[in-house]
2 protein chains.
Amino acid sequence: MYPKKIANDTAEVIQNYLTYQAVRIILDQLSETNPKQAIWLRQYTASHNIQKGESFIEGLMGEDKELVMRILKVREYLASEVMEFMPQMVRHGISQANMEHRRQLLERLTRSSSVSSTSSESENDDSNPNCD
Amino acid sequence: MYPKKIANDTAEVIQNYLTYQAVRIILDQLSETNPKQAIWLRQYTASHNIQKGESFIEGLMGEDKELVMRILKVREYLASEVMEFMPQMVRHGISQANMEHRRQLLERLTRSSSVSSTSSESENDDSNPNCD
């Protein structure tokens, strides 16, 4: 496995995601304060790939420098607010979800095992409940 | 702003992403150890939405329980390996990228400002370099 490469890729995914969330926040704010600009930004984001945060910002630079400054500021704020507890949140989330999936797996195995043993008792076939 | 909701959404995005990376790792491993199963898993991931990690795992449960167990284990390992330094990595990444974007903005402003002042000198028009 190559955790270093995966760590870098994960950081990039989060950076893009926080950029997207920053734009959403600004859209919400503009809807209240400057509906015309909100419509413009909504159209701009719909026609440009916001999943690539850095290229999105670079493109917007030629259109509206003030909006770019605002996105930079908001995503920096978001990173400072949400990242601190992210390691615990993600580890906990995966651990909980894994536990639930394992419980379901066990339930399926138990079910198919009891079905197999019933059919095995009645038909005496060579089915192996552990192979399911 | 609503950082709590964004923190939860971000954690979900990371959980999905680490599940995707776990599947990629297992695909790489299977290509070496069990090419037939690697082909099967590649086809399965191509025809099922892997971006929704939990539903992907639930779907796979009906097909191959052993593979599901493996994905759970690998994504748990990945979370324990890559999340620790994620807050610093993301904050640093955003800070660096912001610095670069601000540098570019300044460069554009300086350029357009000097163009404006040149044209203003020669034509004596009313362009305002600070409005760009």
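Throughout, protein chains are lettered first and strands after them, A, B, ... in sequence-line order, and every chain is numbered starting at 1. Values below: every heavy atom of this structure, side chains too, minus hydrogens, waters and symmetry copies.
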* Just give me the residue among A:Gln88, A:His101, A:Gln15 that pairs up with chain B most often, heavy atom to heavy atom, under 4.5 Å. => A:His101

* Asked: Who among B:Leu72, B:Val82, B:Ile57 has the most heavy-atom pairs with chain A under 4.5 Å?
  -> B:Leu72

* Ignoring hydrogens and angles, tell me if any N or O in the side chain of A:Asn16 forms a donor-acceptor pair with the backbone of A:Gly53 under 3.5 Å. => yes

* To do: Counting only heavy atoms closer than 4.5 Å, note whether B:Asp28 contacts chain A via side chain, backbone, both or neither.
  => side chain

* **A:Met83 vs B:Met89 side-chain heavy atoms within contact, under 4.5 Å** => no

* To do: Indicate whether the side chain of A:Gln29 and that of A:Arg70 have a donor and an acceptor atom separated by less than 3.5 Å.
  => yes

* Structure fact -> Hits for side chain to side chain donor-acceptor pair (under 3.5 Å) against B:Arg24, two or more places apart or cross-chain, chain-then-number order -> B:Tyr20

* Structure fact -> Comparing A:Ala7, A:Gly93, A:Gly62, A:Ala79 against chain B, the one with the most heavy-atom pairs below 4.5 Å turns out to be A:Ala7

* Asked: Do any of residues 36-50 of chain A have a heavy atom less than 4.5 Å from a heavy atom of chain B, and if so, which, in residue order?
  -> none

* Asked: Got a second to check how far A:Ile71's CD1 is from A:Phe56's CZ, nearest 0.5 Å?
  -> 5.5 Å

* Structure fact -> Greatest number of non-hydrogen atom pairs under 4.5 angstrom with chain B, of A:Met69, A:Met61, A:Gln21, A:Arg91, falls to A:Met61

* Asked: Looking at B:Glu107 and A:Lys65, does any basic side-chain N land under 4.0 Å from a carboxylate oxygen?
  -> no

* Under a 4.5 Å cut-off applied to non-hydrogen side-chain atoms, are A:Asp9 and A:Val13 in contact? -> no

* Asked: Side chain, backbone, both or neither: which part of B:Glu81 has an atom under 4.5 Å from a heavy atom of chain A?
  -> side chain

* What part of A:Leu18 gets closer than 4.5 Å to chain B, counting heavy atoms only: side chain, backbone, both or neither? -> side chain

* How long is the gap from CD1 on B:Ile14 to CD on B:Glu12, to the nearest 0.5 Å? -> 11.0 Å

* Quick one: which of A:Glu84, A:Glu100, A:Arg102 has the most heavy-atom pairs under 4.5 Å with chain B, could you say? => A:Arg102

* For A:Glu63, look at atom CD and say whether over 12 heavy atoms of other residues, nucleotides or ligands are found less than 6.0 Å away. => yes

* So, B:Glu76 and A:Asn98: side-chain donor and acceptor under 3.5 Å apart, yes or no? -> yes

